[in-house]
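Naming convention: chains lettered A, B, ... in sequence-line order (proteins, then strands); numbering from 1 in each chain.
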Number of protein chains: 2
Amino acid sequence: MTITIKDLAEMARVSTGTVSRVINGGPGVGEETRKRILKLIKELDYQPNASAHGLAAKRSGNIGVIIPHTGGYSMATAYWPGLLTAITERAAAQNYNVLLSTARSEEDVASAYQSILKGRRIDGLIIGAEQFGDKQLAELLLKDFPFVMVGKSVSISHYYVDVDNAGGARRMTEHLIGLGHRRIAMLAGPEHYPSVIARVGGFRQAMAAAGLDPGLVYHCPYWTLRAGEISREIIRSGIGVTAIFAAAGDLVTGVLQAAREEGLRLPEDLGVATFDDHPLYNYFAPAISAVRQPIAALGEAAAVQLFRLMHGEIPEEKGIVLPTELVIRASCGRPGLKTEAGRVAPETTS
Amino acid sequence: MTITIKDLAEMARVSTGTVSRVINGGPGVGEETRKRILKLIKELDYQPNASAHGLAAKRSGNIGVIIPHTGGYSMATAYWPGLLTAITERAAAQNYNVLLSTARSEEDVASAYQSILKGRRIDGLIIGAEQFGDKQLAELLLKDFPFVMVGKSVSISHYYVDVDNAGGARRMTEHLIGLGHRRIAMLAGPEHYPSVIARVGGFRQAMAAAGLDPGLVYHCPYWTLRAGEISREIIRSGIGVTAIFAAAGDLVTGVLQAAREEGLRLPEDLGVATFDDHPLYNYFAPAISAVRQPIAALGEAAAVQLFRLMHGEIPEEKGIVLPTELVIRASCGRPGLKTEAGRVAPETTS
DNA sequence: ATGAAAGCGCTAACAC
DNA sequence: GTGTTAGCGCTTTCAT
């Protein structure tokens, strides 16, 4: 039924070894024979059996991508999907397929790790899960398995791609300061995450450099509801915050929710900025200013770096750090200045 | 170095066949032996080689998911990412991995099809690409390969999951009519797509039933810019449209863009509704009313259906059609009525 | 340049 | 209940 290398060999009156050489573009095959076999492959629409190839050659032809899946929401931001698309495209260009794992928890990571990696289903791995534990990272390093992380781990040295989190946060903070904001709060993610540490660092640096209080940093899980609660506390605390800089997409919606519920007008009563842009931010009321990450470039870089490692190359740099871009819209305002932007209406469902 | 079934057999003083039976949970193994081997597997952290298993058992342990990738934007809506997440979760629960392909064009589909399917890298396929050609569909059917489509193809009978496109569009249209709109335009996707046909049908049905002109249907590629141009034409045409119903997420942003540029206030001057909800629509100015699709349930259903097929079951129904939900926010308005919602400010980049 | 043959790690009869 | 063994389809020495 299905055609194998043996069939091809018989039809071409050569051995399976020769056919194999042709398929893999190896040397040591006569020009005439090669053509004949190639023609046959085209005609019969032959495609090598991936399992057999994998078993014999010890390569699967797949790369793995493992990304976090926090509360069913991660894929609804533009970040992971964009990354995944870029990686998949690059992989396809190299004739590799992408094996996807989403990880809700550390156990998920462990089990994905088990099945995918130890089962030799992949030849390389791109890790986007901050949950990925140091022990697993260490094991990967130990067995010299090619992998690239999106974002840098704190404790372990590995290949990674990342954006300039500190620089992006610093520049946005400077922008807010430039607009006249003096008391600015940062709503940041969980404090042990490297990206969070970097963004907080950039924020503090800008605040301190301007002689302002760099201490208004509030950590929060990546969860809109909780971000709303904390934002409400910030607003009600009476410490005179005129702007909140949300350090992630899941957090900014919480800030907006809180502002709405507290009856604050944006941006007159409260300036808002966020990290990680989304095309839809442009249609918010007011449109949200954001630090844009070069998502596609990030995914592309991760894939390129991974393929280098898989080819045995040794990149000179452990990390590739891409710059961010400031996207200024209307939400940062200018404290005390009136604008025509309205409030967001409450939602009804039917 | 890496441990194989043979090593296990030696250490347990049994044959590889017995170990294999244990691994696959097969019958015909003594309780005591089974325990001993299981213990060994745990201790040694043994994981079967996927390629070897695949080659011998003729199953890869992977399912394929192929989704469209139109202009680098598809992953930035909540639809495909949400679907993918749900599928991946379900697959993981069944100890299957997900092999992802994104398809920009028909050639991409063809090549993905080649490598993935003919290379026996997957045991089943979920197809989300409307580009998937009838010839390939026919080939899948012919070789009895298990697959499920998300969305129904027009010409070929296959297993699929879908949402009630017609019903959702009809109900939203009825809602608009109920608010007092009399001349409503639908901005729909490319006219040969089944989902588009269904949505247009629902719209027309509601309009006709209310004695209104069901003819204001404008087809448009899934491309915000073009949607903006067409919307502008509708607005300028002077046919007195008071509401535009965008039949997809990529289109509604175009409508908003056009309304902004033409200086129309929403919803007083123009009511807007869309198909396919997004969490961020709640923060628009005004918040956008939408027909919400049960995305996670859709992905889940697709996976469940696929696994049924892979297990040789014959579902009684070819299609699973899930209901939609109307999410009413502020954007539909009431023609002629003033509200406090403001306009969206222009974007600047730095 | 080409063929022969020994695996790769696992499964599935078929024996006992 | 357990062992034996012949493949699964391909790669890769090693001869020639």
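- Out of C/dG7, C/dT2, C/dG9, the shortest distance to the side chain of A/Ala56 is found at C/dG7.
- The residue among A/Arg21 and A/Ile3 whose nearest nucleotide of DNA chain D is located toward the 5' end is A/Ile3.
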field: Verdict with supporting geometry, B/Glu43 and B/Lys39, salt bridge (charged side-chain N to carboxylate O under 4.0 Å, His left out)
entry: CA-CA 6 Å; B/Glu43 282 177 9; B/Lys39 182 153 166 286; 3.2 Å; yes
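- The two atoms that bring B/Leu125 and B/Ile66 nearest to each other are CD1-CG2, 4.0 Å, heavy atoms only.
- Note: NZ (B/Lys6) to P (C/dC8) measures 7 Å, nearest angstrom.
- Remark: the backbone N or O of B/Ser60 is paired with a side-chain donor or acceptor of B/Asp123 at under 3.5 angstrom.
- One finds a side-chain N or O of B/Tyr46 lying less than 4.0 angstrom from the OP1 or OP2 phosphate oxygen of C/dC10.
- Considering only side-chain N and O atoms, B/Ser20 lies nowhere under 4.0 angstrom from the phosphate OP1 or OP2 of C/dC10.
- Between chain B and DNA chain D, the heavy-atom contact criterion of under 4.0 Å yields a 5' to 3' nucleotide range of D/dG1 to D/dG9.
- One atom, CD1 of A/Ile5, and another, P of C/dG7, lie 19 Å apart when rounded to the nearest Å.
- Among the heavy atoms of the strands, none lies under 4.0 Å from B/Ser51.
- In this structure, a donor-acceptor pair under 3.5 Å is present between the side chains of B/Tyr113 and B/Glu139.
- Of the candidates B/Thr2, B/Leu40, B/Asp7, B/Ile23, B/Tyr46 forms a side chain to side chain contact (heavy atoms under 4.5 Å, CB included) with just one, namely B/Ile23.
- At a threshold of 4.0 angstrom between heavy atoms, the contacts of B/Arg13 are confined to the sugar-phosphate backbone, with no base atom among them.
- Across A/Leu298 and A/Val161, no two heavy atoms sit closer than the pair O-CG2, 3.9 Å.
- Taking atom NE2 of B/His53 as the reference point, atom C1' of C/dC8 lies 16 Å away to the nearest angstrom.
- Among the protein residues, B/Thr4 comes within range of the sugar-phosphate backbone only, with heavy atoms under 4.0 Å from sugar or phosphate atoms but none that close to a base.
- In this structure, the CD atom of A/Glu10 is 13 Å from the P atom of C/dG3, given to the nearest Å.
- Put simply, CG on A/Asn49 is 16 Å from P on C/dC10, counting in whole angstrom units.
- Among the atoms of the strands shown, only primed sugar atoms or phosphate atoms (P, OP1, OP2) are found under 4.0 Å from some heavy atom of B/Gly30.
- When heavy atoms are screened at a 4.0 angstrom cut-off, A/Gly28 is found touching base atoms of the nucleic acid.
- Here the side chain of B/Arg21 pairs no donor or acceptor atom with the backbone of B/Val19 at under 3.5 angstrom.
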